[in-house]
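Quick one: the structure is below, questions incoming.
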Amino acid sequence: MSKPLITDLNIPLFSFEECIWYIDRGFYDCLHIRTGNAIEKAISTDDGRSTTFTLEGHGNHLSIICEPEYRQEVLDYVSIWLDLNREMGSFESLASEEPKFMALYKAYRGLRLIRIPDLFEALAWSIIGQQINLNFAYQLKSRLVSKYGFQADNGVYIFPDPGTIAELQPAELKKLQFSQRKAEYLIGIANAMATGQLSREKLMKLKSVEAKCNTLISYRGIGPWSANYVLMRAIGCTNVIPHGDAGMINAYKKIFGLSQKPDNQEIITYLSHFPGWQSYVVLYWWRSLSDK
DNA sequence: CTCCAGGGCAAAT
DNA sequence: ATTTGCCATGGA
């Protein structure tokens with residue numbers, strides 16, 4: 001490997017610590033490695049190979065350490081991954097007008113929507129995460145990735161291709177403790193993506209988020225929660241709400257001192273104070289759950 | 001023991 | 001049209 005190249009960025013309304021916290025969160029995830037205050041990752045490159053890179057930083061400063069020949073690809077990837085191109089000023093303005101949200105905004109200021117750039121990975125993660133605790137979900141994902149993914153030089157894995165998973169039988173995933181249903185859903189989605197029936201490009205051609213959402217929901221195993229979750233994390237829509245999300249509902253109850261679950265409409269109504277930023281509010285709610 | 005986790009499907013009312 | 005049972009597992 002040639003001499004690593006360091007790219008230094010200073011990003012307004014960005015917090016390296018908050019973003020790294022979200023990526024890591026103490027769960028074991030073989031798609032990245034955290035060593036101290038740095039994160040190592042690997043990605044597939046356009047030439048059919050792979051490359052590794054490291055993120056370091058502090059406050060609004062971010063350093064990207066990568067192979068020179070893949071500098072632009074890595075920069076593009078990181079920009080999506082950490083949502084660096086988002087203009088955050090209007091979110092701050094909206095937050096400052098909303099008393100029940102202002103404290104959260106200030107506490108986690110600079111946290112960005114951590115994306116899952118690979119659509120298949122996002123769909124798989126949404127299926128895996130249904131109805132089970134996060135710790136077990138990460139275990140399932142790690143088993144899937146370490147068995148069927150690609151391991152890069154730095155030991156970090158790259159998420160498997162849809163084609164690889166499409167070839168599997170449910171029984172093979174059940175060995176990893178997938179439920180029969182989850183196995184069927186995942187293989188079905190892998191098939192849809194492997195055949196090209198479903199792709200990021202096709203999804204992006206649909207103008208409205210409603211159309212995108214309906215397309216995703218048409219696949220078995222993808223319901224309202226998964227569809228909106230995927231639009232948020234893979235596509236980067238910030239005006240969607242992962243309806244039914246247990247974490248979101250618990251955060252809402254906690255913030256507003258409720259003993260009963262709010263319905264979808266109540267959440268929609270409150271979040272209408274943040275037009276275009278609903279998903280970011282949900283992100284900050286998720287973040288708040290980890291503070292006791 | 002029961003209930004719930006970053007739900008969704010399919011069968012039963 | 002709406003409700004209910006089920007899934008795999010682990011922690012509270």
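In what follows, every heavy atom counts, from backbone to side chain, and hydrogens, waters and symmetry copies are set aside.
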*asked:* Enumerate the salt bridge (charged side-chain N to carboxylate O under 4.0 Å, His left out) contacts for residues 211-236 of chain A, please, sequence neighbours excluded, ordered by first and then second residue.
replied: A:Glu184-A:Arg220
*Would you say A:Val240 and A:Ile114 are hydrophobically clustered, going by side-chain heavy atoms of ILVMFWY under 4.5 Å?*
yes
_Between A:Ile217 and A:Tyr138, which residue's closest nucleotide on DNA chain B lies nearer the 5′ terminus?_
A:Tyr138
*Give a yes or no on whether A:Leu186 and A:Ile217 share a hydrophobic cluster (residues Ile, Leu, Val, Met, Phe, Trp, Tyr; joining criterion: side-chain heavy atoms under 4.5 Å apart).*
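Different hydrophobic clusters.
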_Residues touching DNA chain C, which here means a heavy atom under 4.0 Å, drawn from residues 104-126 of chain A_ =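 None - not one residue of the stretch has a heavy atom sitting under 4.0 Å from the strand.
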*Roughly how many Å is it from CD in A:Gln139 to P in C:dT9, rounded to a whole number?*
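Rounding to the nearest Å, CD of A:Gln139 and P of C:dT9 are 11 Å apart.
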*Using heavy atoms to find the nearest nucleotide of DNA chain B for A:Asp245 and A:Ile222 separately, return the residue whose nucleotide is more 5′.*
A:Asp245
_I want to check one thing: is the phosphate of B:dA5, taken as OP1 and OP2, less than 4.0 Å away from some side-chain N or O of A:Asn250?_
yes
*cation_pi(A:Lys254, A:Trp285) dist<6.0 Å, angle<=45*: no
_Output the rounded distance in Å from CE (A:Met248) to P (B:dG7)._
10 Å
*Could you state the CZ-C1' distance from A:Arg25 to B:dA5, rounded to the nearest angstrom?*
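Roughly 13 Å, once rounded to whole Å.
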*Rounded distance in Å - CZ (A:Phe178) to C1' (B:dG7)*: 15 Å
*Taking only the side-chain nitrogens and oxygens of A:Ser226, find out if one of them lies under 4.0 Å from OP1 or OP2 of B:dG8.*
yes
*Indicate, with a heavy-atom threshold strictly under 4.0 Å, whether A:Tyr22 touches base, sugar-phosphate, or nothing.*
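A:Tyr22: base contact, heavy atoms under 4.0 Å.
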*Could you give the distance from CG (A:Leu289) to OH (A:Tyr284), rounded to the nearest 0.5 Å?*
15.0 Å
_A:Gln130 CD to B:dA5 P, straight-line distance once rounded to whole Å_ =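 Checked: the CD to P distance equals 15 Å.
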*Pairwise P distance, C:dT4 and B:dC3 [rounded to whole Å]*: 14 Å
*Which pair of heavy atoms, one from A:Val78 and one from A:Leu62, lies closest together, and at what distance?*
CG1-CD2, 4.2 Å
*Rounded to the Å, how far apart are A:Asn133 CG and B:dG7 P?*
11 Å
*Quick one: is B:dA10 close enough that its OP1 or OP2 comes under 4.0 Å of any side-chain N or O from A:Arg220?*
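For A:Arg220, the contact criterion (side-chain N or O under 4.0 Å from OP1 or OP2 of B:dA10) is met.
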*Kindly say if A:Gln177 contacts the phosphate of C:dT9, meaning a side-chain N or O under 4.0 Å from OP1 or OP2.*
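Yes, such a contact exists.
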*Write down the distance between NZ (A:Lys182) and C1' (C:dT9), rounded to a whole number of angstrom.*
10 Å
_Taking A:Glu18 first and then A:Arg287, would you say they form a salt bridge - that is, a charged N and a carboxylate O separated by under 4.0 Å?_
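Counted as a salt bridge, because a side-chain N and a carboxylate O are separated by less than 4.0 Å.
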*asked:* Under the rule for side-chain contact (heavy atoms from CB on, under 4.5 Å), what residues qualify as partners of A:Leu134, not counting sequence neighbours?
replied: A:Arg25, A:Phe27, A:Trp125, A:Tyr138
*Atom CG of A:Leu140 to atom C1' of C:dT9: distance rounded to whole Å?*
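In whole Å, C:dT9 C1' lies 8 Å from A:Leu140 CG.
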_P gap between C:dG5 and B:dT2, integer Å_ =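 Per the computed distance, 14 Å lies between those P atoms.
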_Residue A:Pro224, side-chain heavy atoms: nucleotide from C:dC7, B:dG8, C:dT9 that is nearest_ =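 Nearest to the side chain of A:Pro224 among the choices is B:dG8.
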*asked:* Please pick, from B:dA5, C:dT9, B:dG8, the nucleotide with the shortest atom-to-atom distance to any side-chain atom of A:Trp225.
replied: B:dG8
